[in-house]
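Report on the following structure.
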Amino acid sequence: MTQGSRSEPILEVRGLAASYGHVEALSPTDLRLDRGELVAILGPNGAGKSTLLRSIVGLTKTRGEVLCEGEPLPRGDPVAVAARGIVLVPEGRGIFGPMTVMENLRLGAYRVRNGGEVARRYERVFDLFPRLKERLHQPAGSMSGGEQQMVAVGRAMMADPKVLLLDEPSLGLAPRVTVEILETLRRLNAEGLSVVLVEQKAPLALELARRVHLLSLGRTVAVIDPREVKTHDELARYYFA
Ligand SMILES: Nc1ncnc2c1ncn2[C@@H]1O[C@H](COP(=O)(O)OP(=O)(O)O)[C@@H](O)[C@H]1O
Ligand SMILES: [Mg+2]
């Protein structure tokens with residue numbers, strides 16, 4: 001198989017482990033994301049979900065390998081990883097409150113100098129989140145939690161990602177806004193974007209995902225087909241298996 005061929009996973013994590021100081025927060029973990037797939041990661045607080053996403057983009061001290069289309073990603077260099085099209089929407093959103101919505105979005109495409117290309121990407125984000133167009137010149141910090149999450153996802157889309165990694169996008173949001181954000185993810189995925197979604201709201205993640213990784217205490221305890229688990233009870237059984 002030639003490198004970068006279409007049958008290769010777009011993202012492959014092999015034996016990725018991470019520690020903070022001497023404490024291992026993520027035991028060696030494997031994950032495969034095929035092109036156009038949406039894989040969800042579920043697990044209780046402290047399971048290592050954020051650490052896994054942060055390790056994929058090189059924000060933690062890691063062992064193991066991450067490959068994009070068969071080629072190893074640089075380790076410890078999140079900027080280079082983003083340049084390869086692997087973009088993280090971090091837990092807590094990471095937007096800049098005093099800056100306007102437009103300025104926050106622009107940061108996602110800071111490497112792009114071609115004005116026409118930047119304009120095309122803004123239009124794409126406005127198409128996904130029309131509300132952002134109305135709030136373009138407002139400080140991002142003055143908006144609702146849901147709107148701030150739209151800015152965070154919009155900023156990631158400005159980078160024109162191949163793979164979007166989302167860390168609990170629904171955290172702290174009202175149910176209606178959560179559904180709106182997750183529906184947008186469903187649409188992006190249906191249009192071909194490959195997604196890794198960390199989500200506490202298990203039923204919603206199960207609805208969207210092709211495969212679900214269950215993490216507990218820094219380990220993958222199960223990789224399951226979401227059609228096999230429809231209830232919280234069933235899901236809980238995996239945690240205690
Ligand atoms: N910056 C950090 N320094 C030290 N320990 C951390 C840090 N971030 C997370 N941890 C620890 O690593 C483990 C996994 O955390 P995390 O990946 O944030 O879990 P989750 O996202 O599943 O809630 C937890 O025990 C947490 O306390
Ligand atoms: Mg987390």
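Only a predicted model underlies this, so the values are computations on that prediction, with no experimental measurement involved. Read the numbers this way: they start at 1 and go in the same order the structure lists the ligands and their atoms.
Interface atoms of ligand 1 facing Asn45, defined by a heavy-atom separation under 4.0 Å, are 23 (O). Under a 4.0 Å criterion applied to the non-hydrogen atoms of Pro44, ligand 1 contributes the atoms 22 (O). Atoms of ligand 1 found under 4.0 Å from any heavy atom of Ala47, numbered from 1 in the order shown, are 19 (O), 20 (P), 22 (O).
Seen from the Mg ion (ligand 2), atom OG on Ser50 and atom OE1 on Glu91 lie at an angle near 80° (rounded to 10 degrees).
Nearest protein neighbour of atom 16 (P) of ligand 1, counting heavy atoms only, is Thr51 OG1, 3.6 Å. Of the protein's non-hydrogen atoms, Gly48 N, 3.1 Å is the one closest to atom 19 (O) of ligand 1. Of the protein's non-hydrogen atoms, the one nearest atom 24 (C) of ligand 1 is Gly46 O, 3.7 Å. The protein heavy atom nearest to atom 18 (O) of ligand 1 is Ser50 CB, 3.8 Å. Closest to atom 4 (C) of ligand 1, if we only count protein heavy atoms, is Tyr20 CB, 3.4 Å.
Taking a cutoff of 4.0 Å between a charged side-chain nitrogen and a carboxylate oxygen, Arg120 and Glu117 qualify as a salt bridge. Taking a cutoff of 4.0 Å between a charged side-chain nitrogen and a carboxylate oxygen, Glu103 and Arg106 do not qualify as a salt bridge. A salt bridge is absent between Arg84 and Asp77: the closest approach of a Lys/Arg side-chain nitrogen to an acidic carboxylate oxygen does not fall below 4.0 angstrom. A salt bridge links Glu191 to Arg187: one of the charged nitrogens lies within less than 4.0 Å of a carboxylate oxygen. Between Lys49 and Glu199 there is no salt bridge, since no side-chain N of the basic residue sits under 4.0 Å from a carboxylate O of the acidic one. Under the 4.0 Å criterion applied to side-chain N and carboxylate O atoms, Arg186 and Glu207 are assigned as salt-bridge partners.
Residues Arg75 and Ile56 come closest through the heavy atom pair NH1-O, 3.5 Å.
Residues His213 and Leu52 have side chains not in contact (no heavy-atom distance under 4.5 Å, counting atoms from C-beta outward). The side-chain heavy atoms of Thr220 and Asp30, taken from C-beta on, include no pair separated by under 4.5 Å.
Distances from atom 26 (C) of ligand 1 to the protein include no heavy-atom value under 4.0 Å. Atom 22 (O) of ligand 1 is flagged as protein-proximal [any protein heavy atom, distance under 4.0 Å].
Residue Gly218 places every heavy atom at 4.0 Å or more from ligand 1.
Any N or O atom pair closer than 3.5 Å counts here, and Glu168 shares no such pair with ligand 1. At under 3.5 Å, not a single nitrogen or oxygen of Ala25, backbone or side chain, sits near a nitrogen or oxygen of ligand 1.
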